[in-house]
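Worksheet: the structure to be examined is printed underneath.
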Amino acid sequence: MQSNIPTKTVLKIAEKLANPDYIHKVSTAPKNTFFNKTTHPWNPFSLDFGYPALIIFFSEINAIFPDKLWVKARNHYTQTIIHELKSLGYHSISLSHGLTGIAYALWIASLKDESYKNLHTKIHHLLLCKFQTVTTPNVKKSGYTSYDLLCGICGYISYLLNFTHEPFSVELIKKFLTIIVQISGPLKIESQTVPGWLNPPDFFLDLPTEVAQEFLNLYPQGFFDLGVAHGISGYLSTLGKSLLCGIEVPKQVESILYIIDWLKNTRQSVASVPKVWPRRFGFNPSKSTIFESKCDFYFDGWSYGAPGIYNSILLAAKALKNEPLKRYCVKEFIQQIPRIKCYNYHKQLSFCYGAAGILSIAHQFLSLDKSEEISNLNDFLSHKIINEMDDSAPFGLKCIPLSVNPRTATPINNFGLISGVIGILLSLLMPYKNNNWPAIFMLR
């Protein structure tokens, strides 16, 4: 598998990413925008398209292909983000755009280079203090992203699970797990019982205006998000991985089983694709099923689609030591492979939204089942990505950005980890051992 990786191309792109002026110029070019042409793929504190992504990338690539240029780049981006923190402060502790993502990046750097340990320790202790001040959210007054993996409580747990040797970190994990359990069971709304992860319309207020309006139009009475990044599959991964690490709170297992049962029973055809899930179900209390799919298209990635959901169930199955459920996940994932191979991945290659995310998940399944089908899928997806590489693109590839509808989004120059080139390159490099970045997304 390693022989399929275009090493020269990867290193050529890495050289471009090692140039901070070049990255900033390309990322902030006037036409390089998304979200109604108002947002550039650049935010200094972003785990996606900011310094944390670059620190992670150069930490990982230097462990595989050691080079003084990668060390210099990582050191520069680290010094710059620390300067930014001191001068600007930070406005979030989230994984995607805040202190948790920064701490995660520095932790990965410290695993590769001991000189980073003191710096990580300082940020780590600051973050623990911030975690301590997080109060139990009022479920009725929370936002869409209060609990999820990228922006909310599940993201805090993802980071803390790397420190289960610290009693205080374990205490915080249990505190946060209790909150996730609270919203991962049944919820009574008037005469109906619905899953507790319902997002009512007022939850949309913490979203960008364009997204909030789109959601209000599509889901006037709220929705249930099925994704890993922002939805119930991310909660399931969090509950499962915590249990796998030996950390359990009351009703955690019951919540895991409730979610799995709900997911298995809501699988359906979406845009003529059989036995999958939409990104979201609209809540319609006037209908007997109450779950209303409004998707006229389907796609796979880490965040949404069958591969990500099956991987979340697989993680829970490992935690529960449930061999039949493991076999179920592997069988169902393999059955998706012919369809996955038929999909047109043009520009839809990112970790979050496309081929790189499926490739990363396929590696997880391959570690459990050495079947020829999964191995061939890995090769197929790797070649798909490699064939899309373009020397004329500033970062070697253009990617579909984070958007309400990936089908209509215009590809942009995005170096990001979640939605851009860094995530794609790291997914290609997963056959190399000792890569730590997958833990961020509940993959290892």
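With sequence neighbours left out, Phe380 forms a ring-ring contact (aromatic ring centres under 6.0 Å, His included) with no residue at all. Partners of Lys8 under the salt bridge (charged side-chain N to carboxylate O under 4.0 Å, His left out) rule, at least two apart in sequence or in another chain, do not exist in this structure. Ser92 meets the side chain to side chain donor-acceptor pair (under 3.5 Å) test with Ser94; sequence neighbours excluded. Partners of Phe291 under the ring-ring contact (aromatic ring centres under 6.0 Å, His included) rule, at least two apart in sequence or in another chain, are Phe224, Trp262, Phe281. Partners of Lys112 by salt bridge (charged side-chain N to carboxylate O under 4.0 Å, His left out), not counting sequence neighbours, listed by chain and number: Glu60. A search for side chain to side chain donor-acceptor pair (under 3.5 Å) contacts involving Arg327 returns nothing, not counting sequence neighbours. The side-chain contact (heavy atoms from CB on, under 4.5 Å) test applied to Ser269 returns Pro274, not counting sequence neighbours. In this structure, the ring-ring contact (aromatic ring centres under 6.0 Å, His included) partners of Trp302, at least two apart in sequence or on a different chain, are Phe351, Phe441. Partners of Asp48 under the salt bridge (charged side-chain N to carboxylate O under 4.0 Å, His left out) rule, at least two apart in sequence or in another chain, do not exist in this structure. Every salt bridge (charged side-chain N to carboxylate O under 4.0 Å, His left out) that Glu332 has, sequence neighbours left out, goes to Arg267, Lys275.
More than 12 heavy atoms of other residues, nucleotides or ligands sit less than 6.0 Å from atom NZ of Lys341. Lys326 NZ: more than 12 foreign heavy atoms inside a 6.0 Å radius. With a 6.0 Å radius and a threshold of 12 heavy atoms from other residues, nucleotides or ligands, Asn265 has its CG atom above the threshold. Dense packing is recorded around NZ of Lys16, with more than 12 heavy atoms of other residues, nucleotides or ligands lying under 6.0 Å away.
In this structure a side-chain-to-backbone donor-acceptor pair under 3.5 Å is missing from Tyr147 to Ile179. Under a 3.5 Å cut-off, the side chain of His383 and the backbone N or O of Asp379 do form a donor-acceptor pair. Judged purely by atom type and a 3.5 angstrom limit, Lys398 has no side-chain atom pairing as donor or acceptor with the backbone of Asp390. At least one donor-acceptor pair under 3.5 Å links the side chain of Ser110 to the backbone N or O of Trp107. Panel note: side chain Gln192, backbone Pro285; a donor-acceptor pair is recorded below 3.5 Å. Remark: the backbone N or O of Gly50 is not paired with any side-chain donor or acceptor of Asn43 at under 3.5 angstrom.
The closest side-chain heavy-atom distance from Pro20 to Tyr77 is below 4.5 Å. No side-chain heavy atom of Leu417 sits less than 4.5 Å from a side-chain heavy atom of Phe57. Looking only at side-chain heavy atoms (C-beta outward), Tyr298 and Arg339 come within less than 4.5 Å of each other. No side-chain heavy atom of Pro200 sits under 4.5 Å from any side-chain heavy atom of Phe283. Contact of the Ile93 side chain with the Val134 side chain is registered, since non-hydrogen atoms from C-beta on lie closer than 4.5 Å. By the 4.5 Å heavy-atom criterion applied to side chains, Cys399 and Val421 are counted as neighbours. Residues Leu236 and Leu315 are not in side-chain contact: their nearest non-hydrogen atoms beyond the backbone lie 4.5 Å or more apart. Inter-residue side-chain proximity for Asn435 and Ile64 is flagged as unmet; no heavy-atom pair is nearer than 4.5 Å.
Closest approach of Ala306 and Val276 over heavy atoms only: CB-CG1, 4.0 Å. When every heavy atom of Ser293 is checked against every heavy atom of Gln268, the shortest pair comes out as CB-OE1, 3.5 Å. Minimum interatomic distance between Asp300 and Gly305 (heavy atoms only, all atoms of both residues): OD1-CA, 3.6 Å. Of all the heavy atoms in Ile313 and Cys329, the pair that sits closest is CG2-SG, 3.4 Å. Minimum interatomic distance between Ala53 and Leu47 (heavy atoms only, all atoms of both residues): CB-O, 3.2 Å. Minimum interatomic distance between Ile340 and Pro307 (heavy atoms only, all atoms of both residues): CD1-CG, 4.0 Å.
Taking a cutoff of 4.0 Å between a charged side-chain nitrogen and a carboxylate oxygen, Lys174 and Glu171 do not qualify as a salt bridge.
When only modelled atom types and interatomic distance are considered, Asn284 and Tyr219 share no side-chain donor-acceptor pair under 3.5 Å. When only modelled atom types and interatomic distance are considered, Ser419 and Ser350 share no side-chain donor-acceptor pair under 3.5 Å.
Sorted by first then second residue, the side-chain hydrogen bond (donor to acceptor under 3.5 Å, both in side chains) pairs that include residues 237-247, not counting sequence neighbours, are Ser237-Ser312.
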Only pairs under 3.5 Å count here: list side-chain donor-acceptor contacts from residues 149-169, not counting sequence neighbours, and write none if there are none.
from, atom 1, to, atom 2, distance (Å)
Ser158, OG, Tyr104, OH, 3.3
Ser158, OG, Ala439, O, 3.4
Ser158, OG, Ile440, O, 2.9
Tyr159, OH, His120, NE2, 2.9
Tyr159, OH, His124, ND1, 2.6
Asn162, ND2, Tyr104, OH, 3.0
Asn162, ND2, Ser158, O, 3.4
Asn162, ND2, Tyr159, O, 3.0
Glu166, OE1, His124, NE2, 2.9
Glu166, OE1, Ser169, OG, 2.8
Glu166, OE2, His124, NE2, 3.4

*Decide ring-ring contact (aromatic ring centres under 6.0 Å, His included) for Phe65 and Tyr432; before the verdict, give the C-alpha distance in whole Å, the side-chain angles of both, and the deciding distance to 0.1 Å.*
CA-CA 11 Å; Phe65 308 111; Tyr432 291 92; 5.7 Å; yes
*Step by step, would you call Lys12 with Glu15 a salt bridge (charged side-chain N to carboxylate O under 4.0 Å, His left out)?*
CA-CA 5 Å; Lys12 186 177 179 181; Glu15 287 180 12; over 6 Å; no
*Verdict with reasoning, Phe333 to Tyr310, per ring-ring contact (aromatic ring centres under 6.0 Å, His included)*: CA-CA 7 Å; Phe333 180 76; Tyr310 283 127; 7.6 Å; no
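Between the CG atom of Asn413 and the CG atom of Leu397 there is a distance of 10.0 Å, given to the nearest 0.5 Å. Interatomic distance, CD1 of Ile180 versus CD1 of Ile232, reported as 8.5 Å (0.5 Å rounding). Distance check: Ile418 CD1 to Phe49 CZ gives 8.0 Å after rounding to the nearest 0.5 Å. To the nearest 0.5 Å, atoms CG (Leu377) and CD1 (Ile337) are separated by 5.0 Å. Once rounded to the nearest 0.5 Å, the distance linking CD1 of Ile334 with CD of Glu372 reads 11.0 Å. For the atom pair CG of Leu257 and CD of Gln252, the computed distance is 11.0 Å after rounding to the nearest 0.5 Å.
Ring to ring, Phe223 and Trp197 are not that close: their centroids are 6.0 angstrom or more apart.
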